[in-house]
Structures are given as C-alpha cells and as structure tokens.
Participant: 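Sharing a structure, written as structure tokens. Questions coming.
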2 protein chains.
Amino acid sequence: MLTNTPKIASTVSLRSDAGLASALRVSLARLNRRLRKQAMDHSLTPTQLATLAAVERHTAMSPGELAEHEKVQPPSMTRVIAKLEERGLLARTPHPTDRRQVSISVTEAGTNLLKEERRLKEAWLAQRLKDLTPEERATLRSAAPILEKLSTM
Amino acid sequence: MLTNTPKIASTVSLRSDAGLASALRVSLARLNRRLRKQAMDHSLTPTQLATLAAVERHTAMSPGELAEHEKVQPPSMTRVIAKLEERGLLARTPHPTDRRQVSISVTEAGTNLLKEERRLKEAWLAQRLKDLTPEERATLRSAAPILEKLSTM
DNA sequence: TATTGTTATACTCTATAACTATA
DNA sequence: TATAGTTATAGAGTATAACAATA
C-alpha cells in the first residue's frame, strides 16, 4: 500500500438543491454497485442479461428492435441471441406474415433465471432494510415512488 | 414492431418489507440507468473511468492495488493505466524507497474530467429535483443518508 | 429496389503465462 | 527466492462491410 487516505466527502450542504443532487447521485451509484454484486453466477454478459430482460418486458421482439433497444449493432445482436438461444433462455419463432423477420421470446428457463436474479438482489436489500429503524423504513417507503418518478421525468 | 406491450408492474404491496425491497430495487436500477446516460463523451471504458475515480479517491495507488480494487488482473491494469497516462489523466512517479513499485496519481486534467462528469449528472438530477414539490424534495433529503447507509451495512 | 437478418473480418478489452528488475 | 510490474499471446465481445433472402 502506498497511501490509502479516502478524501473527505463533499462538503456541499444537503439543504441546497445542488447538495441534494450531489448526495443522491453518490448514494445511488454506491448502492447500485452493491446491488449489482448480488447476482447469480449465470455467466451472462451485461448485454445478454439486458437483452433477456428486454424481451421479457416487451413479450416478443425482433432482432432489429432488440439491437436498437440495447444500442448495439444488428450483427452483435445476432450473436447475443444465438448465445441465449443456445442456453435455452430465448426462443425464435417465424414472423406470422413477413418471412424476413424473426420473433424472439423468453422461454420458461429464461423467465426463471430473471426471477432468481431479482430474488437474490431483493433478498439482499430486504435483509438490510430489516436492520433499519421503523422510521427509516417509512422514509424509504415515501421516497420510493419519488425515485421512480425521477427516472421518468 | 412485433408486439410492444410492457407488462404490468409488480403487484407486491409497498407496505411489506419485501414489497419495499422490490420497489426500491426497480427504482434504483432505473434511475441509475438514466443517470449513466448523462455522461461526457470522454470515450473512457467503464474500467478506465472507475480506475481514474479510485486513484482520485485514494490519492495515490500502486498498479497492484488498483488491479485488486477494480477486480482485474495486473496485466489488464497495466494497459488501463497506459491508456489513461497517454491521455494525460494519470501520472506515474517512482516509489520513494522500493524501486520495483510505481505510484499512480491523478493529474489536473484527470480531476477536471471527473469533476465535469459529476457536474453533468448532478445538473441533470438537479433539474428534475426542481420539478418536484417541496414535500417530495424534503422526503428525498431525509432518504439520502439512509440510502447511503444501506450501501455500507 | 428497399429491408431484415446473417456471415466474414478486424479491433478492443481482459485473461493467463512467461519474462525483467528489484528486494 | 519472492515480489512488482510488464510484455507476449489467446479468447471474448462488438463493430463495419459484404452477402442472402424476402418484401
């Protein structure tokens, strides 16, 4: 170790809006980093996992839509889908009318993997919530819908 | 477009602890995804950016420490450092006593990049906070330290 | 002729193994 | 002989360009 002195946290007051933004940004990033570590050993890349979740969320999508949604190029999505299909997490069915297109959907195994993934993260979080005071939990209960709102504004 | 019907959100009640954990997880993930998009076009990989931030946070670190901190192998860190040094964001100075070691520190340009990166995210967040009601902002002010606490428990 | 998706190929990032310099 | 770091090389993942099938 050379030196290992963490710097003093931001001194901007929480009372100002800029201070609140700063404090929230730091807390959100840190908590998310911790949450991301609570993951299954599914050995899926982030893109693969996000693709699986997107298909589940939208019920059925074409490779082109998925590429756009995940901000990757179509050839990359072809390979992501191939991997997920190989592992039985996604299935491809022909498009009813346009035979150029393919419809991608989640298999039961894919759904189960996503469920388990979420279950692990939520279990970790629930455990920590248990160690808060009732007042702290009440505050978070009020804050949750506001955080939700922030991301859709 | 094939189909694009988003599924109904979780029906678990916010009142239960499991419901709170679920709601928080979703909100946190979504808000972070939005925040991450508010980034400079610095063309740094996630590892490069995280490394830069780690060095800033710890003032000075050795390549070995950085590799361990960022969970990459030493040879990978060698290349990350090389890239960051090439761009003038990190600097290397010899260790005072052990000539095998190298001390890595952030340059002024590196500090400025991190500042700008944070400024952008916080500006985006502050703008959204402005559109909340005073009560909602007060709730978030109370919640911020609790979120912070959750990640260190 | 335009569009959807795939194959061919190259580049980047990270890993393991082997090497150099210093303790 | 052990440790810190780098260089050499290989394996994944993604991009661009070219191609095949269908509209």
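Quick note on labels: first sequence line is chain A, next is B, and so on, each numbered from 1.
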Participant: Output yes when a side-chain donor or acceptor of Thr107(A) lies under 3.5 Å from a complementary backbone atom of Gly88(A), and no otherwise.
Facilitator: yes
Participant: Just by modelled atom types, is the Glu65(A) backbone N or O under 3.5 Å from a matching donor or acceptor in the His69(A) side chain?
Facilitator: no
Participant: Return the value, rounded to whole Å, for the distance between atom CD of Glu70(B) and atom P of dA15(C).
Facilitator: 12 Å
Participant: Whole-Å distance between dG5(C) C1' and Arg79(A) CZ?
Facilitator: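 Interatomic distance, CZ of Arg79(A) to C1' of dG5(C): 15 Å.
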Participant: Figure out the CZ/P separation between Arg92(A) and dT4(C), and round it to whole Å.
Facilitator: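 Nearest whole value for this atom pair: 16 Å.
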Participant: Using distance only, find each side-chain donor-acceptor pair of residues 73-86 of chain A under 3.5 Å and give its atom names and separation, not counting sequence neighbours.
Facilitator:
| from | atom 1 | to | atom 2 | distance (Å) |
| --- | --- | --- | --- | --- |
| Thr78(A) | OG1 | Pro74(A) | O | 3.3 |
| Glu85(A) | OE1 | Arg92(A) | NH1 | 3.4 |

Participant: Could you check how far CZ of Arg99(B) sits from C1' of dT22(C), rounded to whole Å?
Facilitator: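 Result: 7 Å.
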Participant: Rounded to whole Å, please give me the gap between CD1 in Ile81(A) and C1' in dT4(C).
Facilitator: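 Rounding to the nearest Å, CD1 of Ile81(A) and C1' of dT4(C) are 12 Å apart.
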Participant: Please list, in 5' to 3' order, the outermost nucleotides of DNA chain D lying under 4.0 Å from any heavy atom of chain A.
Facilitator: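 Contact span on the strand: dG13(D) to dA23(D).
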Participant: Counting only side-chain heavy atoms from C-beta out, which of dT7(C), dC13(C), dG5(C) sits nearest to Pro75(A)?
Facilitator: dT7(C)
Participant: Determine whether a donor-acceptor pair (N or O, by modelled atom type, separation under 3.5 Å) exists between the side chain of Asp17(A) and the backbone of Leu129(B).
Facilitator: no
Participant: What does Ser43(A) touch in the nucleic acid at a heavy-atom separation under 4.0 angstrom: a base, only the sugar-phosphate, or nothing?
Facilitator: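 The answer is nothing, as Ser43(A) stays clear of every strand by at least 4.0 Å.
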Participant: Are the side chain of Arg34(B) and the backbone of Arg30(B) linked by a donor-acceptor contact shorter than 3.5 Å?
Facilitator: no
Participant: Separation of Gln73(B) atom CD from dA18(C) atom C1', in whole Å?
Facilitator: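 Checked: the CD to C1' distance equals 15 Å.
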Participant: Between dT7(C), dT14(C), dT4(C), which nucleotide gets closest to the side-chain atoms of Ser76(B)?
Facilitator: dT14(C)
Participant: Quick one: on DNA chain D, does Val72(A) or Arg100(A) contact a more 5' nucleotide (nearest heavy atom)?
Facilitator: Val72(A)
Participant: Between Arg118(B) and Glu56(B), is there a side-chain N and carboxylate O pair less than 4.0 Å apart?
Facilitator: yes
Participant: Starting from the 5' end of DNA chain D, give me the residue, Thr97(A) or Lys71(A), whose nearest nucleotide shows up first.
Facilitator: Lys71(A)
Participant: Calculate the interatomic distance between His95(A) atom NE2 and dT3(C) atom P; express it in whole Å.
Facilitator: 16 Å
Participant: More than 12 foreign heavy atoms under 6.0 Å from CD of Glu116(A): is that the case here?
Facilitator: yes
Participant: Please tell me which of Pro74(B) and Lys83(B) maps to the more 5' nucleotide of DNA chain C, matching each residue to the nucleotide holding its nearest heavy atom.
Facilitator: Lys83(B)
Participant: Please state how far atom CD in Gln101(B) lies from atom C1' in dT22(C), giving the value in whole angstrom units.
Facilitator: 11 Å
Participant: If only side-chain N and O atoms of Thr47(B) are considered, is one of them under 4.0 Å from the OP1 or OP2 phosphate oxygen of dT14(C)?
Facilitator: yes
